[in-house]
Amino acid sequence: MLSFRGVNPAGRVDLSVQVGALRLKNPIIVASGTFGYGLEFAHLVDLNRLGAVVSKGLSLKPIEGAPPPRLCETPSGMLNAVGLQNVGVEAFVRDKLPLLRKYNTHLIVNVFGTCQEEYVEVIDRLEEAEGISAYELNISCPNVKKGGMQFGSDPALVSDVVQAARKAAKKRALWVKLMPLVTDIGLIGRTAEAAGADALTVANTFPAMAVDFKTQRSRLGNPTGGLSGPAIKPITLRLVWETCKAVKIPVIGLGGVETVADVLDYVTVGATAVQVGTASFSDPKVSEAIVEGLSRGLSDVKAFTINEIRGKLSQENG
């Protein structure tokens, strides 16, 4: 194999990416729900080396979450049914945020609610605080005012909740995290973009289940959970590709990212950045390890920047 060390030393590789108005030092972001609030991993990972940290999802009031067991290993993946457990926005602002401000990385706060008004109220409270770079809307939640229909499954609901959040988010960027099981993810992406989203995260976990035939019970505390990990990467890779073709705003790929090669796969189909999720459960330091190897990965394909390979699949095979 040829070495490009003399031509393109790692020190000359620019890993920075632009996600809307945010300049990230590299495209590696740790995903919501897999990294606590960020603080829990700070003794294992140098948070300052990451492109961004996405907090655990925050609701208006504290949520205890689902009954145990909450995690279940599956072939090439993992099921989770955590039930969106969190301390609530007030406790986050009071107890977590002051500590997170000490780190030199972007903090993205994941936000969810059971109705449109709750999304707005959470953002209103966060707007009063300092140290946050952007919000990520989790629109995979059921809308209790619409019979439990998930916000992200219907373009009209997507438009309404994103518009409302956009009006509330006066200070900061707004990312929208899409659900994967929709008829046309390109349409959902365009709808979120038109409603004011600055970037899209593709995608959330896939509804799935695991049972024990001997006990005739679910392997989780709930009947179903969300599937993540390497098993879903080929599916989310296509979803990212479809979304990138449909919108002009940045797309952040999420699903099965464990290695530098996974990152570059997502970038090749158009992603501006990626989120590392399930891999942090098996190796808490994996996100930092990917950052360390990314310069060499670009060097191996004679690239000096992420943008040099971004969307090349679409350009050459479209």
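Side chains are part of it too, since the values below use all heavy atoms of this structure and drop only hydrogens, waters and symmetry mates.
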Is there a side-chain contact between N138 and F151 (heavy atoms, below 4.5 Å)? no
Taking every non-hydrogen atom, the tightest pair across L181 and P207: CD1-CD, 3.5 Å
Set of salt bridge (Lys or Arg N to Asp or Glu O under 4.0 Å) partners for R219, sequence neighbours left out: none
Please give me the minimum heavy-atom distance between V45 and P284, naming the atom from each residue. CG2-O, 3.1 Å
Which atoms form the tightest heavy-atom contact between P250 and T272, and what is the distance? CB-OG1, 3.7 Å
With heavy-atom distances below 4.5 Å as the criterion, would you say the side chains of I249 and D198 are in contact? no
Taking the side chain as every heavy atom from C-beta outward, state whether T74 and L227 have any pair of such atoms under 4.5 Å apart. yes
Q275 and Y266 side chains, donor-acceptor separation under 3.5 Å: no
Any chance the side chains of S16 and R23 put a donor and an acceptor closer than 3.5 Å? yes
For V93 versus P98, what's the shortest heavy-atom pair and its separation? O-CD, 3.4 Å
Salt bridge (Lys or Arg N to Asp or Glu O under 4.0 Å) filter on R70, not counting sequence neighbours, yields none
Go through the side-chain N and O atoms of T268 and D265 and say whether any donor and acceptor fall under 3.5 Å apart. no
Steps toward side chain to side chain contact (heavy atoms under 4.5 Å, CB included) verdict (L298, I306): CA-CA 8 Å; L298 287 174; I306 294 291; 3.8 Å; yes
Residue pair S287 / I28: nearest heavy atoms and the distance that separates them: O-CG2, 3.8 Å
Flag the pair F304 / R12 as yes when at least one side-chain heavy-atom distance between them is below 4.5 Å, and no otherwise. yes
Residues K171, E127; criterion salt bridge (Lys or Arg N to Asp or Glu O under 4.0 Å); working and verdict: CA-CA 7 Å; K171 295 182 179 180; E127 283 283 280; 5.7 Å; no
Any chance you could lay out the side chain to side chain contact (heavy atoms under 4.5 Å, CB included) test for I252 and V202, step after step, and finish with the verdict? CA-CA 6 Å; I252 300 155; V202 181; over 6 Å; no
Nearest 0.5 angstrom please: N26 CG to L294 CG, how far? 7.0 Å
K145 and E117: salt bridge (Lys or Arg N to Asp or Glu O under 4.0 Å), yes or no, with the steps? CA-CA 10 Å; K145 292 188 176 181; E117 291 79 8; 3.3 Å; yes
Using the rule given for salt bridge (Lys or Arg N to Asp or Glu O under 4.0 Å), can you reason through K61 versus E90, listing the C-alpha separation, both sets of side-chain angles and the distance that settles it, and then say yes or no? CA-CA 8 Å; K61 301 294 182 182; E90 291 295 340; over 6 Å; no
Just to verify, which of L58, L97, L99 counts as forming a side-chain contact (heavy atoms from CB on, under 4.5 Å) with Y37? L58
Less than 6.0 angstrom from the centroid, inside 45 degrees of the normal: does K177 satisfy that with respect to the ring of W175? no
Residue among T34, T278, N204 satisfying side chain to side chain donor-acceptor pair (under 3.5 Å) with S228: T278
Any heavy-atom pair between the side chains of Q85 and E64 that's under 4.5 Å? no
For residues S32 and E136, is any side-chain donor paired with an opposing acceptor at under 3.5 Å? no
Would M78 and L71 count as a side chain to side chain contact (heavy atoms under 4.5 Å, CB included) here? Give the steps. CA-CA 7 Å; M78 184 184 78; L71 301 178; 4.0 Å; yes
If you measure only the distance, is there a donor-acceptor pair under 3.5 Å linking the side chains of S59 and N86? yes
So do the side chains of F35 and V54 get within less than 4.5 Å of each other, counting heavy atoms only? no
Between the OG1 atom in T243 and the CG atom in L200, the distance rounded to the nearest 0.5 Å is 7.0 Å
Minimum heavy-atom distance L47-A42, with the two atoms named: CD1-CB, 4.1 Å
